[in-house]
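Protein chains get the first letters and strands the later ones, always in sequence-line order, with residue 1 at the start of each.
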2 protein chains.
Amino acid sequence: MKGEEMLLLENQLCFPLYAVSRLVTQLYTPLLDQLDITYPQYLVLLVLWEQDSQSVSDIGAQLLLETNTLTPLLKRMEQKELIQRTRATDDERKVLVSLTTRGKKLKQKAPCIPQALIAGMQDSPLTAREVEAFRRTLHKMLEALRSSTAPVHGG
Amino acid sequence: MKGEEMLLLENQLCFPLYAVSRLVTQLYTPLLDQLDITYPQYLVLLVLWEQDSQSVSDIGAQLLLETNTLTPLLKRMEQKELIQRTRATDDERKVLVSLTTRGKKLKQKAPCIPQALIAGMQDSPLTAREVEAFRRTLHKMLEALRSSTAPVHGG
DNA sequence: TACATTTGTATCGCAAACGATACAATCGCC
DNA sequence: GGCGATTGTATCGTTTGCGATACAAATGTA
């Protein structure tokens, strides 16, 4: 492909990636509003529902988010009483993040959220094969880019 | 898939989409820094390089960005003398955005940017077929979600 | 002309996202 | 114990992204 063609918006890979990511967030927002959480906060809950009581860095390693992004985000979640933050006793440098009763309960209302993406695509639904190929490519890119971009979390 | 399984980070589609999008931005950042622009500013330039002199709303329609996001972004680009903003004479409600000489010149240095994504994936490169399938799925999602989420630009 | 409606742009406030940097606790070594 | 290095957390400033809202110009109706 020539330099000229590479700069056409239509030929970009980065733009539709960026746009779809934002559109998914927009699709989820009304549902997340009902739970009084934001999209990154929902991701934090996903991580904690899977494994409770993790350090800030552990959460960041899974979500590829820096601590300076997570700290204020977690503080807001603590204010809403979704999580608790306590210093670890064995290593007091660490802050352990754990779910409150309220945070655990939200899990029951959560399964409708990933389903909203499927529902939002009803007009032209993806085949199971298409979804699998898409997911595999995304994870391939995730791994490749994790090592390319400045590694922070032992990548 | 059961409710429990749907909430595993591994089974999410939204998370890798979100993460890869951020990683691509991170990959581009050092290159964009050399041009003294940010990632969304780069997208605006892509649009204007393709067709100069467009209204704020026209740009927003292509990038799926609201005017309240674009206005301050374009003001910063105007300060850097990459673009000019002038009221349209036929309809003074519209603000026409056009490239300056400086903005046009940047196009020559830009082709290396989309190539950085290919280069950043060298460890486990995608096949041409894989890229095509990925792009097709992304555009399919883009169209489906554009009609699902609150349409603003006549979608 | 008067006035409401529509269309388009600008402003404000909040929540990310991240680089740079400061700060605190711990660990290793002596 | 003392002290520098390491590790982890918190703060600051800038840029996006968007809802809500204010404002300006054009349009429609009478």
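- For A:Asn68 against C:dG19, a side-chain-to-base donor-acceptor contact under 3.5 Å is present.
- Minimum interatomic distance between B:Arg87 and B:Glu92 (heavy atoms only, all atoms of both residues): NH1-O, 2.9 Å.
- Note: CZ (B:Arg93) to P (C:dT6) measures 13 Å, nearest angstrom.
- One interatomic measurement links the two molecules: CD of A:Glu66 to P of D:dA10, which rounds to 15 Å at whole-angstrom precision.
- Between A:Gln26 and D:dC18 there is a side-chain N or O to OP1 or OP2 distance below 4.0 Å.
- Considering only side-chain N and O atoms, A:Lys75 lies nowhere under 4.0 angstrom from the phosphate OP1 or OP2 of C:dA16.
- Atom pair B:Asp33:CG and C:dC18:C1' shows a separation of 12 Å (rounding to whole Å applied).
- The side chain of B:Thr71 sits closest to C:dA10 out of D:dT9, C:dA10, D:dT15.
- C:dT7 atom P lies 17 Å from atom CG of B:Asp90, rounded to whole Å.
- In this structure, B:Pro40 and B:Leu73 approach most closely via the heavy-atom pair CB-CD1, 3.6 Å.
- Residue A:Ser124 comes nearest to B:Ala144 through the heavy atom pair OG-CB, 3.7 Å, listed as atom of the first residue, atom of the second, then distance.
- The 12-atom threshold is exceeded at CD of B:Glu132, counting heavy atoms of other residues, nucleotides or ligands nearer than 6.0 Å.
- Crowding of B:Lys140 atom NZ: a count of heavy atoms from other residues, nucleotides or ligands under 6.0 Å exceeding 12.
- Nearest-nucleotide positions on DNA chain D for A:Pro72 and B:Pro40 put A:Pro72 closer to the 5' end.
- Shown here for B:Arg135 and A:Asn11, the closest heavy-atom pair between the two residues is NH1-O, 2.9 Å.
- B:Ser57 has no side-chain polar atom (N or O) that falls below the 4.0 Å cut-off from OP1 or OP2 of C:dT7.
- Cluster annotation: A:Leu63 is not connected to A:Leu96 through the hydrophobic network of ILVMFWY side chains, with a link wherever side-chain heavy atoms come within less than 4.5 Å.
- Residue B:Arg76 has a polar side-chain atom (N or O) positioned under 4.0 Å from OP1 or OP2 of D:dT16.
- Nearest to the side-chain atoms of B:Arg87 among the listed nucleotides C:dT9, D:dG8, D:dT16 stands C:dT9.
- A:Leu73 comes within 4.0 angstrom of the backbone, heavy atoms only, and of no base.
- Residue B:Arg85 has a polar side-chain atom (N or O) positioned under 4.0 Å from OP1 or OP2 of C:dA10.
- With DNA chain D read from its 5' end, the first of the two nearest nucleotides for A:Thr69 and A:Leu23 is the one closest to A:Thr69.
- Rounded to whole angstrom, the span from the CD1 atom of B:Ile59 across to the P atom of C:dA10 amounts to 12 Å.
- Counting only heavy atoms from C-beta on, B:Arg22 has its side chain closest to C:dA17 among C:dA17, D:dA10, C:dT9.
- Look at OH on B:Tyr42: it is 19 Å from C1' on D:dT15, rounded to the nearest Å.
- Atom C1' of nucleotide D:dG19 and atom OH of A:Tyr39 are separated by 20 Å, given to the nearest angstrom.
- An OP1 or OP2 oxygen of C:dA10 is reached within less than 4.0 angstrom by no side-chain nitrogen or oxygen of B:Thr67.
- B:Glu92 has its CD atom 11 Å from the P atom of D:dT27, to the nearest Å.
- Side-chain atoms of B:Gln12 never come within 3.5 Å of backbone atoms of A:Pro114 as a donor-acceptor pair (strictly under, hydrogens ignored).
- Listed in residue order, the members of residues 46-54 of chain A having a heavy atom less than 4.0 Å from DNA chain D come to none.
- Listed candidates were D:dT9, C:dA17, C:dA10. Nearest to the side chain of B:Tyr18 is C:dA17.
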